[in-house]
There are 2 protein chains.
Amino acid sequence: MSGIAASILLIGDELMAGEIEDRNGPYLADQLTRQGFRIRDIRFLADDVEGIAAAVTEALRACRLVVVCGGLGPTSDDRTTEAVAQALGKQLILDEEQWERIRKIFSLLRGEEPPPGNEKQAKLPEGADVLLNEMGTALGYVARQGEDAVAVLPGPPKENQHMFEMQLLPWLDRHMPDRSRWAARVFRVFGLPESEVGHRLSNLETEYRDLRVSYRFHFPEILVKLRGDVEAEDRLKAASADLEKLLEPHLYSTGEERLPAVLGRELERRDLRIVAAESCTGGLAAKLLTDVPGSSAWMERGFVVYSNQSKQQLLGVPEEMLKQHGAVSEPVALAMLEGALERSDAQIGFAVTGIAGPGGGTLGRPVGTVCIAWGDQDRSQVETHTFYWDREYNRLLSAWMAMYLVYQLVLGRQSG
Amino acid sequence: MSGIAASILLIGDELMAGEIEDRNGPYLADQLTRQGFRIRDIRFLADDVEGIAAAVTEALRACRLVVVCGGLGPTSDDRTTEAVAQALGKQLILDEEQWERIRKIFSLLRGEEPPPGNEKQAKLPEGADVLLNEMGTALGYVARQGEDAVAVLPGPPKENQHMFEMQLLPWLDRHMPDRSRWAARVFRVFGLPESEVGHRLSNLETEYRDLRVSYRFHFPEILVKLRGDVEAEDRLKAASADLEKLLEPHLYSTGEERLPAVLGRELERRDLRIVAAESCTGGLAAKLLTDVPGSSAWMERGFVVYSNQSKQQLLGVPEEMLKQHGAVSEPVALAMLEGALERSDAQIGFAVTGIAGPGGGTLGRPVGTVCIAWGDQDRSQVETHTFYWDREYNRLLSAWMAMYLVYQLVLGRQSG
């Protein structure tokens with residue numbers, strides 16, 4: 001994919017030791033990609049002058065923009081600016097104006113002069129453009145080398161992101177305006193293995209070589225992304241239409257909304273309310289549904305019936321039925337659904353009972369066996385699935401499968 | 001800290017576009033650091049054969065170990081193995097045994113042959129050692145170049161981390177044994193801001209200069225990590241004892257177990273069972289508790305009472321009370337708890353009612369206002385908290401706070 005090549009360097013020993021989770025990398029990558037840059041790499045480096053300088057030099061060979069974050073503090077281990085100056089063969093100059101600003105901040109906040117070391121924060125490579133930091137003392141800047149630019153931002157996410165938006169983006173629009181923005185479409189697929197999705201789309205990939213098709217297995221769903229030049233909007237439209245046909249009915253959403261939100265919208269549109277009766281998922285399905293802002297319009301109660309006794313007392317599942325068929329059985333799932341619908345004013349609902357694991361499996365009913373019932377007062381259906389993941393994923397998959405089956409019912413489709 | 005130089009390469013367009021937050025990088029960096037490796041860099045790269053091959057070659061110049069993650073899927077955009085083979089100048093060979101294993105998995109799970117594309121997952125550079133994948137079809141391996149090694153692991157965090165522990169670590173112990181290991185201890189803290197934790201431990205850091213103290217804010221808890229040479233085990237012990245005193249009672253766990261599991265163990269030890277009545281958390285607390293394997297021993301039912309009507313019908317909260325005080329009030333929280341205890345045979349429980357946001361706030365009760373009641377038949381308490389995060393975090397924090405308050409009660413402590 002074309003676009004102006006860019007590299008992101010994130011500096012800090014603490015990143016090396018896995019002591020903090022970085023938030024700047026994904027943020028900057030996302031922002032720059034939308035802005036028409038092609039991210040060549042995102043690289044975490046220790047606070048080491050030689051290492052940073054070498055990485056900047058290496059990045060400038062392949063990229064027009066290098067964004068360096070972190071290592072701008074006053075302490076002796078922060079040496080990013082020294083390294084950048086070295087890589088560009090530039091002198092370090094004290095910016096009097098910025099040094100004055102830092103001293104003001106100190107006298108304002110602490111009523112004192114800045115400690116030795118802070119002067120370092122006002123130094124930048126000769127000829128660099130200052131990026132003003134409105135949230136801290138660390139100074140940001142862009143140093144140029146011919147057509148190329150090295151932008152240096154502070155590490156703390158708030159300072160980093162604020163400076164990127166308020167200072168660096170305008171700079172880029174002034175100095176690197178020749179960018180073609182990218183259009184992208186995301187498709188959310190549930191109920192197919194990734195390999196099957198790739199198989200179904202293999203022809204489409206060859207048919208639309210000018211577009212980029214990428215996949216992401218974001219358990220338990222698969223995201224398919226189409227990307228292309230905004231100029232090629234019509235191509236994107238055509239490919240999207242083909243793609244939707246190829247993945248029917250498993251393609252349930254285009255865009256950011258995930259299954260619970262999509263299901264909720266369809267319920268609200270039809271003025272339906274849903275009730276959940278959960279054994280093995282233990283509240284997970286209700287949690288996923290109530291994650292959605294405004295879900296009170298279509299989800300108003302749920303039953304977590306983990307024990308047999310609770311299934312009897314809260315949902316009226318007959319004791320004999322539990323004895324005869326076992327708690328993980330289709331009759332019990334149906335009885336749970338029936339009891340939940342009776343004990344709420346929801347028009348539609350689902351019930352989940354299964355063996356999430358790690359324990360509890362038998363030869364006849366292995367770990368991962370899950371019975372899901374769904375429907376309304378007039379018509380209910382039940383399916384038994386056998387999932388093969390761990391406890392966490394079996395539960396997540398069970399909840400999603402239940403929501404997916406209800407979603408297909410609401411749309412008046414078979415789940416296929 | 002010194003050690004054998006290692007480089008981590010994480011492959012995937014989705015990482016470049018900031019579409020997902022990586023979890024393998026921090027995990028591998030932490031694990032390898034403990035194992036006596038010095039992480040030179042962690043680098044994210046797009047699914048591009050030339051780019052990956054160049055990065056592997058560049059890393060091998062400075063490092064003895066290069067760990068490459070991701071890009072091993074069956075789809076056409078996964079080309080990591082192709083790139084690694086190119087960088088090492090090796091042929092790609094189909095591993096018949098692994099190909100047979102993949103086909104078995106498919107016929108077992110899906111009763112069908114793997115679709116075209118999966119065969120790719122059984123190919124590896126000539127002479128490489130296979131790392132068996134017990135959780136998926138993607139194949140891992142270690143390809144050697146003289147003294148140096150390139151280890152390739154799948155991208156999905158579960159597969160990645162499982163293969164690292166079960167397969168790559170033993171391989172490293174066999175082929176790169178000359179390392180000085182680091183011992184580490186993790187402490188889990190809930191209910192204190194990160195700044196306060198740092199403040200309480202500032203003296204300890206100066207007192208134990210030979211150890212390394214690091215913090216990680218893993219919402220909603222804070223992880224404190226002590227690290228030092230395995231030889232200094234006694235120093236670790238002493239520092240741990242001091243640290244536990246300094247963070248009482250908020251230090252609730254040492255090690256991997258999180259709050260729900262820790263609470264569950266204490267409940268089981270006392271033969272107590274717990275019931276949850278949830279409004280704003282909508283099943284999240286029950287979900288967190290039933291995430292714990294074997295939770296059926298101490299968690300057997302829960303009520304998701306999102307609407308006022310459900311609070312009345314399922315828990316017997318008086319309509320007048322809801323009218324007079326509003327659903328988000330301490331009397332209602334107490335009434336929900338009382339109703340839940342009456343309608344279950346649990347000896348202890350909690351109730352949560354609040355405004356998670358984004359909507360629903362008022363001047364008197366802003367978004368983030370949460371009333372939590374907890375206790376048993378004899379004695380119940382209630383607190384009102386005001387959280388200032390988004391909907392997701394407010395819900396998570398509410399559920400954790402409720403579990404934390406019950407935990408302190410079970411231990412017979414004040415929450416402090």
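Below, chain A is the first sequence line, B the second, and so on; all start at residue 1. Side-chain atoms are counted along with the backbone in the values below, which use heavy atoms only and exclude waters and symmetry mates.
- Lys287(A) contributes no side-chain N or O that, together with a main-chain N or O of Leu288(B), makes up a donor-acceptor pair within less than 3.5 Å.
- Only the side chain of Gln313(B) comes within less than 4.5 Å of a heavy atom in chain A; its backbone stays farther off.
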Task: Step-by-step side chain to side chain contact (heavy atoms under 4.5 Å, CB included) determination, Val67(B) to Leu9(B) - done: CA-CA 6 Å; Val67(B) 181; Leu9(B) 305 182; over 6 Å; no
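- For Gln309(A), the parts lying under 4.5 angstrom from a heavy atom of chain B are both the backbone and the side chain.
- A donor-acceptor distance shorter than 3.5 angstrom exists from the side chain of Lys311(A) to the backbone of Val305(A), with no hydrogens or angles considered.
- Looking at Thr281(A), only its backbone comes within 4.5 Å of chain B, counting heavy atoms on both sides.
- By number of non-hydrogen pairs under 4.5 angstrom with chain A, the leading residue of Asp291(B), Leu284(B), Leu45(B) is Asp291(B).
- Among residues 196-207 of chain A, the residues having any heavy atom closer than 4.5 Å to a heavy atom of chain B are, in sequence order, Gly198(A), His199(A), Glu205(A).
- Between the side chain of Arg301(A) and the backbone N or O of Ala346(A), no donor-acceptor pair lies under 3.5 Å.
- Only the side chain of Asp77(B) comes within contact range of chain A, with at least one heavy atom under 4.5 Å from a heavy atom of that chain.
- The closest donor-acceptor contact from the side chain of Asn394(A) to the backbone of Trp389(A) lies under 3.5 Å.
- Only the side chain of Asp345(A) has a heavy atom closer than 4.5 Å to any heavy atom of chain B.
- In this structure, the portion of Leu314(A) lying under 4.5 Å from any heavy atom of chain B is its side chain and not its backbone.
- Side-chain polar atoms of Asp41(A) and Ser7(A) form a donor-acceptor pair below 3.5 angstrom.
- In this structure, Arg188(A) contributes its side chain and Gly255(A) its backbone to a donor-acceptor pair below 3.5 Å.
- Ranking Gly360(A), Cys280(A), Ala399(A), Pro193(A) against chain B, the residue ahead of the rest is Pro193(A), based on heavy-atom pairs under 4.5 Å.
- Contact annotation for Asp390(A): only side-chain heavy atoms (C-beta onward) come within less than 4.5 Å of a heavy atom of chain B.
- When Ala286(A), Gly294(A), Ser310(A) are compared by the number of non-hydrogen pairs under 4.5 Å with chain B, Ser310(A) comes out ahead.
- In this structure, Lys158(B) is positioned above the aromatic face of Tyr393(A), its NZ or CZ under 6.0 Å from the six-membered ring centre and within 45° of the axis.
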- [ ] For Lys225(B) and Asp30(B), run salt bridge (charged side-chain N to carboxylate O under 4.0 Å, His left out): C-alpha distance rounded to whole Å, both residues' side-chain angles, the deciding distance at 0.1 Å, then the answer.
- [x] CA-CA 11 Å; Lys225(B) 190 194 278 178; Asp30(B) 176 40; 2.4 Å; yes
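- For the salt bridge (Lys or Arg N to Asp or Glu O under 4.0 Å) test with Asp13(B), the passing option among Arg212(A), Arg38(A), Arg40(A) is Arg212(A); the others fail.
- Residue Tyr215(A) touches chain B through both its backbone and its side chain, counting heavy-atom pairs closer than 4.5 Å.
- Checked against side chain to side chain donor-acceptor pair (under 3.5 Å), Glu112(B) has no partners two or more places apart in sequence or in another chain.
- Proximity to chain A (any heavy atom under 4.5 Å) is shown, for Val224(B), by neither the backbone nor the side chain.
- Arg391(B) places a side-chain N or O within donor-acceptor distance of the main-chain N or O of Gly357(B), the cut-off being under 3.5 Å.
- Neither the backbone nor the side chain of Val275(A) comes within contact range of chain B; no heavy atom of the residue lies under 4.5 Å from a heavy atom of that chain.
- Most heavy-atom pairs under 4.5 Å with chain B, from the set Arg23(A), Arg43(A), Arg343(A), Glu194(A): that is Arg43(A).
- With respect to chain B, the highest number of heavy-atom pairs below 4.5 Å among Glu278(A), Met299(A), Arg395(A), Glu392(A) belongs to Arg395(A).
- Highest contact tally toward chain A, considering only Ala55(B), Ser307(B), Ala46(B), is held by Ser307(B) [criterion: heavy-atom pairs under 4.5 Å].
- Counting heavy-atom pairs closer than 4.5 Å to chain B, the top residue among Ser279(A), Gly282(A), Gly283(A) is Gly282(A).
- Aromatic ring centres of Phe387(A) and His385(A): separated by under 6.0 Å.
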- [ ] Quick one: do Ile11(A) and Ile52(A) satisfy side chain to side chain contact (heavy atoms under 4.5 Å, CB included)? Show the steps, please.
- [x] CA-CA 8 Å; Ile11(A) 314 302; Ile52(A) 299 170; 3.5 Å; yes
